[in-house]
Q: 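The structure is given below, and queries will be raised subsequently.
Numbered from 1 within each chain, the chains take letters A, B, ... in sequence-line order. The model shown is predicted, which means the values in this text are computed figures rather than measured ones.
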Amino acid sequence: MPQFATSPGMRDILPPESARWRQFVATFASLVTDAGYGQVIPPLLEDIGVFSRLGEATDVVTKEMYDFTDKGGRHVALRPEQTASVCRAFVEHRPALPFKAWYAGSNFRYEKPQRGRYRQFDQVGVEVLGSDDAHVDVEVIALAWDFFASLGLQRVELVINSLGEPADRATYTSSVDQYLRSRFDELTAESRLTLERNPLRVLDSKRPPDADVIAGAPNIADYWSPEARTHFERVCDGLTTLHIPFVIDSRLVRGLDYYRRTTFEFRGGTLDSAQNALGGGGRYDGLVEDLGGPATPGVGFALGLDRTLLACDDEGVFGAQAHEPFAFVIDTTDGTHAMAITTALRRFGVPADRAFDGRSMKSQMKVADRSGAALAIIIGSDEAERSQALLRDLRSGGEQVVVSLSDVVATVATRFESQMNTGAQ
RNA sequence: GUGGGCGUAGCUCAGGUGGUUAGAGCGUCAGGUUGUGGCCCUGAAGGCCGGGGGUUCAAGUCCCCUCGCUCACCCCA
């Protein structure tokens with residue numbers, strides 16, 4: 001047993017999974033960059049005040065934060081999410097409006113680990129600050145939707161709702177509170193506790209005994225102000241125009257307190273998983289102001305890398321791909337030729353690899369085969385004496401030709417290019 | 001944080017009612033005529049049986065504690 005292992009909820013991402021992560025972020029980056037979003041890379045650590053606005057009644061803030069006092073006496077925290085950081089950065093630097101930002105990176109939450117739920121977890125997301133046009137909501141949702149599609153996911157469900165204007169949300173919250181108290185005895189013990197802290201969250205309970213009570217709860221739609229209703233309808237119309245299917249769930253109450261008006265969530269195809277929320281987001285028109293900036297509307301979403309990848313596994317799409325070298329150099333002399341040739345090939349942009357430790361011909365051939373290389377460049381003592389090398393095709397029949405050592409790099413580079421051109425790779 | 005399940009080689013797992021040098025497959029490494037991979041064959045390396053305590057003549061097997069993983073609740077991505 002190793003003396004050290006990763007801390008709970010933290011893990012190593014190794015090949016080939018790590019390549020999949022990289023490709024995941026690359027796919028996302030290219031999609032949102034093309035849509036006019038610029039990357040923001042906020043620090044991992046912020047003043048704790050940046051995050052306390054996320055909600056007094058949320059576990060994320062009250063008990064899951066990795067916070068501590070640094071050597072300078074500052075009370076800081078590892079970011080539990082990035083929306084607040086992006087807003088803080090906006091307030092600090094005041095970029096031009098609308099500010100369209102995307103991000104990717106790790107967040108930290110001290111939770112009990114589970115599948116699809118880690119203490120260090122990665123998200124990708126976008127935020128748009130400075131416009132409350134419902135079409136921004138639509139754009140943001142459409143980007144997430146298209147991203148899932150570009151991964152190959154087919155069974156993602158979009159659920160949306162509107163929490164109304166702050167005032168709507170407040171009156172709605174108090175009538176839900178009133179209603180739940182009237183049926184207090186029928187609620188599960190857990191829900192009774194939740195009710196004390198955040199009545200809306202009771203609506204999210206997945207415990208069967210609560211279902212009945214929740215079904216009879218007041219509907220947010222009845223509390224929308226005309227403005228909120230109009231805004232929401234414009235969002236729905238936009239999605240319809242773009243042929244993005246959605247389900248309106250009046251009980252969709254997202255976890256963070258800052259949401260106003262539009263909220264949405266993406267759910268994966270596996271219904272049996274408690275972690276089927278791939279990502280979500282919404283409007284947070286008050287956040288920037290809370291962080292000391294001017295009143296600035298904002299919308300955005302964040303997607304969980306792990307959960308989305310889990311959904312990909314379920315649907316059998318976006319699998320990990322190994323990156324294979326084009327050429328593998330086998331040198332049974334002292335390895336100097338292998339050293340020189342792999343380096344030269346790499347400088348020409350040809351992926352190349354070799355074996356070390358002076359292994360036998362057979363052994364090096366095995367390694368070459370396993371590497372997935374298309375071509376073996378073989379230099380044994382005979383070839384070395386004649387200043388030659390053998391080029392052996394590893395993919396098909398194994399045809400072998402003799403090349404002069406001085407021509408090896410150019411010959412292989414040419415082969416590589418013609419293969420790239422035919423798209424065989 | 002609460003509750004259930006699990007924890008044996010790098011990986012996936014066997015190891016009835018406790019009994020002598022803990023096994024398999026895959027993987028790794030080395031061989032299988034003269035320097036050439038994939039298939040096949042042979043061999044080797046590799047385990048404080050998660051950790052600690054206890055019961056017993058004897059524990060991978062039983063009991064307690066602890067750590068970790070996992071599932072559900074919770075929370076949320």
Q: Can you tell me which residue among A:Arg261, A:Arg260, A:Arg283 is in a salt bridge (charged side-chain N to carboxylate O under 4.0 Å, His left out) with A:Asp137?
A: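 Output: one option passes, namely A:Arg283.
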Q: Nearest to the side chain of A:Arg392, heavy atoms from C-beta on, is which of B:rU36, B:rA77, B:rC75?
A: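 Per side-chain heavy atoms of A:Arg392, the pick is B:rU36.
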Q: Paired with B:rA77: which nucleotide, if any, by Watson-Crick or G-U wobble criteria at under 3.5 Å for both distances?
A: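 Base-paired to nothing in any strand shown.
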Q: Can you see whether A:Tyr103 engages A:Glu127 through a side-chain donor-acceptor pair at a distance of less than 3.5 angstrom?
A: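 Per modelled atom types, A:Tyr103 and A:Glu127 side chains form a pair under 3.5 Å.
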Q: For B:rU42 and B:rC26, measure between their P atoms and round to the nearest Å.
A: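 Those two atoms are separated by 11 Å.
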Q: Taking B:rG60 as the reference, what is the distance to B:rG38 when you measure between their C1' atoms (whole Å, please)?
A: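 One C1' to the other, the span is 39 Å.
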Q: Of the nucleotides B:rU36, B:rG38, B:rC74, which one has an atom closest to the side chain of A:Gln400?
A: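 Nearest to the side-chain atoms of A:Gln400, counting from C-beta on, is B:rU36.
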Q: Go through B:rA30, B:rA77, B:rC71 for me and flag the one nearest to the A:Glu111 side chain.
A: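 Taking heavy atoms from C-beta onward, the closest nucleotide is B:rA77.
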Q: For A:Arg11 and B:rC69, give me the distance from atom CZ to atom P, rounded to whole Å.
A: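 Roughly 11 Å, once rounded to whole Å.
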Q: Given the C1' atoms of B:rG31 and B:rC57, what is the spacing between them in whole Å?
A: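 Here B:rG31 and B:rC57 have their C1' atoms 46 Å from each other.
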Q: Rounded to the nearest Å, what distance is computed from the CZ atom of residue A:Arg109 to the P atom of nucleotide B:rA77?
A: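 Nearest whole value for this atom pair: 5 Å.
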Q: Checking contacts here: which listed nucleotide (B:rG3, B:rU36, B:rC75) is nearest the side-chain heavy atoms of A:Met361?
A: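 Of B:rG3, B:rU36, B:rC75, B:rU36 is nearest to the side chain of A:Met361.
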Q: For the side chain of A:Lys362, counting heavy atoms from C-beta on, which of B:rG32, B:rC69, B:rC29 is nearest?
A: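 So the nucleotide nearest the side chain must be B:rG32.
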Q: Among B:rC76, B:rC73, B:rG37, which is the nearest nucleotide to the side chain of A:Met365?
A: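 Selected nucleotide: B:rG37.
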Q: Need to verify one output field. Residue with the more 5' nearest nucleotide on RNA chain B, A:Ser191 or A:Gly380?
A: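 On the 5' side of the pair lies A:Gly380.
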Q: Expressed in angstrom and rounded to an integer, what is the separation of A:Phe264 atom CZ from B:rA77 atom P?
A: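 Rounding to the nearest Å, CZ of A:Phe264 and P of B:rA77 are 11 Å apart.
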Q: Atom CZ of A:Arg370 and atom P of B:rC39: how far apart are they, to the nearest Å?
A: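 The distance from CZ of A:Arg370 to P of B:rC39 comes to 11 Å, rounded to the nearest Å.
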Q: Examine the side chains of A:Asp210 and A:Thr188 and answer whether a donor and an acceptor come within less than 3.5 Å of each other.
A: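 On atom types as modelled, these side chains qualify, holding a pair under 3.5 Å.
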Q: Distance between the P atoms of B:rU2 and B:rA9, in whole angstroms?
A: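 The same atom, P, in both gives a distance of 29 Å.
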Q: Which part of the nucleic acid, if any, lies within contact of A:Leu305, taking any heavy atom under 4.0 Å across all strands shown: a base, the sugar-phosphate backbone alone, or nothing?
A: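 If one applies the 4.0 Å heavy-atom cut-off, A:Leu305 turns out to touch nothing in the nucleic acid.
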Q: For A:Ile378 and B:rG37, give me the distance from atom CD1 to atom P, rounded to whole Å.
A: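 So the CD1-P distance, A:Ile378 to B:rG37, works out to 10 Å.
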Q: Can you tell which of B:rC74, B:rU70, B:rG37 lies closest to the side chain of A:Pro113?
A: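 Nearest nucleotide to the side chain: B:rU70.
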Q: Take atom CZ of A:Phe266 and atom C1' of B:rC76, then tell me their distance rounded to the nearest Å.
A: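 Value for this atom pair: 16 Å.
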